[in-house]
**Q** 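Take this structure, written in structure tokens, and hold onto it; I'll ask about it next.
All values derive from a computational prediction rather than experimental measurement.
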Amino acid sequence: MERSADALADEIAGTLLHRFGKLPADALPRDWLDATILTVRNDVVERWVASTRATQQRGLKQVNYLSLEFLIGRLLSDTIRNLGRDGEVADALRSLGVDLASLETLEPDAALGNGGLGRLAACFMDSLASMALPAFGYGIRYINGMFSQRIDPAGEQVELPETWLANGNPWEIERRDSVHRVGFGGAWQRDDDGRVHWTPAELVEAVAVDMPVVGWRGRHVNTLRLWTARAIDPLQLEVFNRGDFTGALADQTRAETLVRVLYPNDSTPAGQELRLRQEYFFASASIQDIVQRHLHSHGTLDTLPDKAAIQLNDTHPAIGVAELLRLLIDEHQLPYEAAWDITRRTFAYTNHTLLPEALESWPLPLLGRLLPRHLELIFRINADVLAQARTNPELDPRGVAAVSLIDEAGERRVRMANLAFAGSHSVNGVAALHSQLMRETVFADLNRLYAGRINNKTNGITPRRWLGGCNPGLTALLRDAIGPAFTDDLRHIAAARSLADDAAFRERFLGVKRANKALLVAQVAASTGLQLDPDAMFDVQVKRIHEYKRQLLNILHTMVLYERIRARPQGDWVPRVKLFAGKAASSYARAKQIIRLANDVAHRINADPVAAGRLQVVFLPDYNVSLAERIMPAADLSEQISTAGMEASGTGNMKLALNGALTIGTLDGANIEMRDHIGAADMEIFGMTAAEVAALVRAGYRPTELLAGLPELEQVLAALRQGEWSPDDAGRHATLVDSLLNEDRYMLLADFAAYDAAQSAVDRRWRDRDGWAASAVRNVAGMGWFSSDRTIAEYAAEVWQVHG
Ligand SMILES: *Cc1c(COP(=O)(O)O)cnc(C)c1O
């Protein structure tokens with residue numbers, strides 16, 4: 001063992017003794033984990049302090065990434081790998097009789113997010129640090145993150161509270177000197193000098209809790225600053241003339257409610273007051289913090305846009321636009337025009353969805369009651385927006401109404417996307433098609449008013465976690481074959497493309513895939529009791545359960561395939577394992593019904609001897625980052641089959657291709673750009689384009705008319721309706737069938753024949769083992785552009801104007 005590992009073993013044992021009062025003989029695995037993290041953290045903190053000092057001394061512009069979600073996952077293995085100390089830590093622990101890999105699995109997933117949006121924020125934090133760009137991530141330190149999902153014996157989703165903080169969080173440092181007061185309600189008035197004073201009815205304190213984000217090779221460490229809430233000290237309450245003690249306890253409870261739980265809602269607004277309170281609490285604390293740090297370093301707010309970029313990850317932090325304006329005007333006495341100019345030059349906004357039901361808006365009376373001064377400022381902004389719109393020849397009265405920050409149809413509501421749009425100098429979509437649809441549809445009128453503001457930044461994924469971390473076998477193989485350059489810059493992975501034609505390399509590549517599948521098989525056996533066939537094609541659809549993502553299309557096709565196998569058991573079937581995983585929002589009944597159906601289908605097919613060796617179906621519970629890290633390397637086929645025009649980008653598609661899965665997918669989101677980089681011949685693209693979907697909607701879509709041309713699907717739907725797939729409750733899936741026949745909003749029937757043909761083409765590819773392997777290698781080699789380092793480089797150069 002190396003001397004450094006020896007010394008580290010002593011340090012870990014020392015931490016165990018001094019921090020936890022235990023000798024190695026008495027330590028539980030959990031103690032070893034915490035002692036290891038705290039020991040490694042010393043190294044991290046030293047680098048962190050150095051990074052922070054260097055940024056200040058050089059006066060660099062900083063990025064502030066505001067996101068209500070950070071879906072981080074586990075941190076230990078990522079951190080020590082980025083530090084280049086993974087081997088040393090493993091050796092040190094081994095000398096103490098402890099296995100690092102099993103310790104790593106004890107670390108809870110930091111699941112402060114729902115899905116893609118939150119995971120993107122986590123990948124961006126990794127890239128910002130890896131590229132040594134000074135940045136703060138701002139979010140909420142939820143006490144309960146994303147619920148954990150169980151599937152009960154009947155096949156239904158059960159939501160259990162997530163408790164990542166149950167054993168404390170050894171990574172975090174509470175900053176008692178970074179505290180900001182956040183007010184709600186009350187009233188404001190203007191004094192004789194024209195100064196506005198807001199007297200909130202309630203005040204809470206936001207306290208910063210920081211986590212280090214270590215970049216690749218440990219060269220730079222950024223800060224993820226998560227806010228927790230506490231009531232203002234009862235003694236200080238005297239200052240506010242309300243010093244009664246029971247009141248103070250109630251205040252504490254109310255404060256904690258703000259950070260209690262992540263809204264388990266993927267793309268529909270929660271529509272609840274608490275959600276708006278959370279958004280303002282986090283946006284206000286973050287903006288106050290940014291202003292304070294800037295004043296501390298630079299003395300004047302005039303230079304804020306030159307030294308701070310604020311990126312809004314969707315509209316959840318959009319109230320921050322009004323908050324910065326308020327601080328500049330009410331607290332720092334800037335005139336409105338100057339304050340607006342600073343605000344607009346500081347903010348940029350990323351849109352993540354065009355689904356109308358997912359565009360956030362708040363009832364005007366609610367916003368006015370909680371944030372009276374902000375509503376006033378929103379009216380003030382809107383007066384300018386509307387005045388400018390009315391003089392724009394490209395906008396008719398309907399266009400003017402569309403750009404307004406206030407939706408006047410029905411109950412009046414504040415449109416948060418319009419606020420974010422007006423208050424930002426840059427508005428971006430997350431894939432080329434999505435940005436184009438922003439310009440053409442939802443934001444067409446805002447795009448006329450603010451021409452050039454919309455731009456595109458196609459999403460990416462961090463290769464540290466999604467290749468180096470989750471797929472050590474493939475990483476080692478690639479390093480051996482093309483050298484290590486791709487670990488510093490994923491674009492160099494393109495060098496692997498020619499290896500597709502190298503038979504020996506293909507064999508080694510397939511060997512790695514087979515080993516990764518064996519690991520997943522073992523995990524599935526342990527968690528569900530099901531023994532999967534590792535030689536079957538692993539056909540994977542893992543992502544949040546949502547109708548637009550069309551898990552139902554995949555399930556229905558699986559049912560048709562099963563009927564075909566039953567009709568011709570001796571046919572030459574390509575053995576498949578259909579793997580599903582994903583959570584449904586707790587309030588999303590239809591998504592939960594789809595989970596139920598997936599499990600009904602799995603029960604029936606897995607129990608039928610005719611299907612054995614040909615088809616297996618499994619729904620893996622509790623999809624999260626750690627499970628994704630296990631699934632991605634083991635996948636053969638990646639299902640990316642959303643209705644074209646509805647998936648903004650997707651990032652699961654990227655993780656799977658980077659790990660050597662072929663994609664069966666629609667021309668939606670980033671699939672389109674993946675086809676451009678990988679090559680159309682190595683993907684199975686099918687179905688309507690976004691333009692064809694829109695045309696079909698305009699022409700009037702009648703799903704029942706298609707049914708006659710889809711006899712197998714018609715039979716499956718009839719059987720499903722009659723209860724053949726749910727013998728214990730024949731009517732269970734009737735409404736699902738009815739909604740397909742009556743409406744089929746996501747056009748499953750319209751794409752079914754094309755999907756079926758594409759699946760047959762996938763079978764033909766699989767039978768050609770060499771051809772499949774070559775394709776998979778070209779998929780890996782084609783993914784260099786989809787590193788989040790590339791995405792962040794584009795934001796840095798084109799939106800933020802920052803450099804390291
Ligand atoms: C990448 C990822 C997502 C996003 O998946 P999509 O297929 O892009 O919707 C969601 N959840 C987790 C845990 C992820 O890692």
Side-chain angles (χ1 to χ4, degrees), residues 4-24 26-51 70-112 122 125-126 129 137 141-143 145 162-175 209-218 220-226 228 464-465 468-470 624-626 629:
S4 64
D6 251 345
L8 181 60
D10 289 346
E11 275 184 69
I12 294 173
T15 307
L16 192 64
L17 179 63
H18 299 124
R19 292 293 301 261
F20 302 101
K22 291 215 178 171
L23 293 168
D26 308 321
L28 302 173
R30 185 84 224 179
D31 301 322
W32 283 118
L33 174 66
D34 287 349
T36 304
I37 291 174
L38 285 176
T39 306
V40 169
R41 202 186 78 169
N42 290 340
D43 180 5
V44 172
V45 169
E46 284 163 23
R47 294 168 196 250
W48 195 7
V49 170
S51 295
F70 286 91
L71 189 51
I72 301 164
R74 293 178 177 139
L75 279 173
L76 177 58
S77 62
D78 227 43
T79 302
I80 57 181
R81 199 172 343 93
N82 276 4
L83 289 172
R85 298 187 64 185
D86 41 342
E88 183 198 353
V89 173
D91 286 348
L93 285 170
R94 197 175 305 115
S95 77
L96 294 160
V98 178
D99 175 42
L100 171 62
S102 52
L103 279 197
E104 285 173 348
T105 63
L106 293 178
E107 189 182 0
D109 262 52
L112 311 182
M125 290 306 295
D126 183 87
R141 182 180 175 277
Y142 301 104
I143 295 168
E162 185 279 346
T163 55
W164 71 299
L165 294 173
N167 292 299
N169 175 11
W171 293 107
E172 68 186 28
I173 295 184
E174 188 176 293
R175 302 286 186 188
V209 179
D210 288 353
M211 309 237 285
V213 183
V214 180
W216 179 235
R217 297 198 187 275
H220 187 87
V221 182
N222 277 327
T223 304
L224 177 58
R225 177 157 287 183
L226 302 176
T228 188
R464 269 77 60 185
R465 187 177 289 264
C470 72
N624 60 17
V625 171
S626 293
E629 286 169 351

**Q** Ignoring hydrogens and geometry, is there a side-chain-to-backbone donor-acceptor pair from Arg94 to Leu100 under 3.5 Å?
**A**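 No.
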**Q** Taking Val209's backbone N and O only, do any of them form a donor-acceptor pair with Arg141's side chain (distance below 3.5 Å, no angle check)?
**A** no
**Q** Do the side chains of Leu112 and Leu226 get nearer than 4.5 Å, heavy atoms only?
**A**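 Side-chain contact under 4.5 Å: yes.
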**Q** Which atoms form the tightest heavy-atom contact between Val44 and Pro212, and what is the distance?
**A**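 Heavy-atom minimum between the residues: CG1-CB, 3.5 Å.
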**Q** What pair of heavy atoms forms the shortest contact from Ala129 to Val214, and how long is it?
**A** CB-C, 4.1 Å
**Q** Do you know the tightest heavy-atom contact between Leu83 and Gly218?
**A**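 For Leu83 and Gly218, the tightest heavy-atom pair comes out as CD2-CA, 4.0 Å.
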**Q** So do the side chains of Arg465 and Asp126 get within less than 4.5 Å of each other, counting heavy atoms only?
**A** no
**Q** Tell me whether Asn82 contacts the main-chain N or O of Thr79 through its side chain, where contact means a donor paired with an acceptor under 3.5 Å.
**A**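 Such a contact is absent between Asn82 side chain and Thr79 backbone.
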**Q** So, are Arg85 and Asp43 salt-bridged, with charged N and O less than 4.0 Å apart?
**A**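 Judged by the 4.0 Å cut-off on N to carboxylate O distance, Arg85 and Asp43 do form a salt bridge.
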**Q** Taking side-chain hydrogen bond (donor to acceptor under 3.5 Å, both in side chains) as the test, write out the residues that go with Trp32, two or more places apart.
**A**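 Residues passing side-chain hydrogen bond (donor to acceptor under 3.5 Å, both in side chains) with Trp32: none at all.
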**Q** For the backbone of Tyr142 and the side chain of Trp164, can you confirm whether one donor and one acceptor N or O come within less than 3.5 Å of each other?
**A** yes
**Q** With rounding to the nearest 0.5 angstrom, report the CG to OG distance, Asp86 to Ser77.
**A** 9.0 Å
**Q** Of all the heavy-atom pairs spanning Arg74 and Asp78, show the shortest one and how long it is.
**A** O-CB, 4.4 Å
**Q** Do Trp171 and Ile72 make a side-chain contact, defined as non-hydrogen atoms from C-beta onward lying under 4.5 Å apart?
**A**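 No, every pair of side-chain atoms sits at 4.5 Å or beyond.
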**Q** Would you say that Leu76 contacts Val89 through its side chain, given a criterion of any heavy-atom pair below 4.5 Å between the two side chains?
**A**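 When only atoms from C-beta onward are counted, Val89 and Leu76 do not touch, as no gap falls below 4.5 Å.
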**Q** For Arg47 versus Arg217, what's the shortest heavy-atom pair and its separation?
**A** NH1-O, 4.2 Å
**Q** Between Met125 and Val213, which heavy-atom pair has the shortest distance, and what is it?
**A** O-CG1, 3.5 Å
**Q** What's the separation between atom CG in Asp91 and atom CG in Leu96, rounded to the nearest 0.5 Å?
**A** 11.0 Å
**Q** Do Thr228 and Glu172 touch side chain to side chain, with heavy atoms closer than 4.5 Å?
**A** no
**Q** Decide yes or no for Glu107 and Leu75: does some side-chain heavy atom of the first lie under 4.5 Å from some side-chain heavy atom of the second?
**A** yes
**Q** Let me confirm one number: the OG1-CE distance from Thr223 to Met211, rounded to the nearest 0.5 Å.
**A** 11.5 Å
**Q** Do Asp31 and Leu28 have side-chain heavy atoms sitting under 4.5 Å apart?
**A**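 Heavy-atom side-chain distance check passes, below 4.5 Å.
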**Q** Scan the side chains in residues 8-20 for donor-acceptor partners under 3.5 Å anywhere in the protein, sequence neighbours excluded, and list what turns up.
**A**
unit_1: Thr15; atom_1: OG1; unit_2: Glu11; atom_2: O; d: 2.9
unit_1: Thr15; atom_1: OG1; unit_2: Thr39; atom_2: OG1; d: 2.8
unit_1: His18; atom_1: ND1; unit_2: Gly14; atom_2: O; d: 3.0

**Q** Can you measure from CG (Leu93) to CD (Glu88) and round to the nearest 0.5 angstrom?
**A** 10.5 Å
**Q** Quick one: does Asp109's side chain have a donor or acceptor within less than 3.5 Å of a partner on Ala111's backbone?
**A**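 No: the side chain of Asp109 does not pair with the backbone of Ala111.
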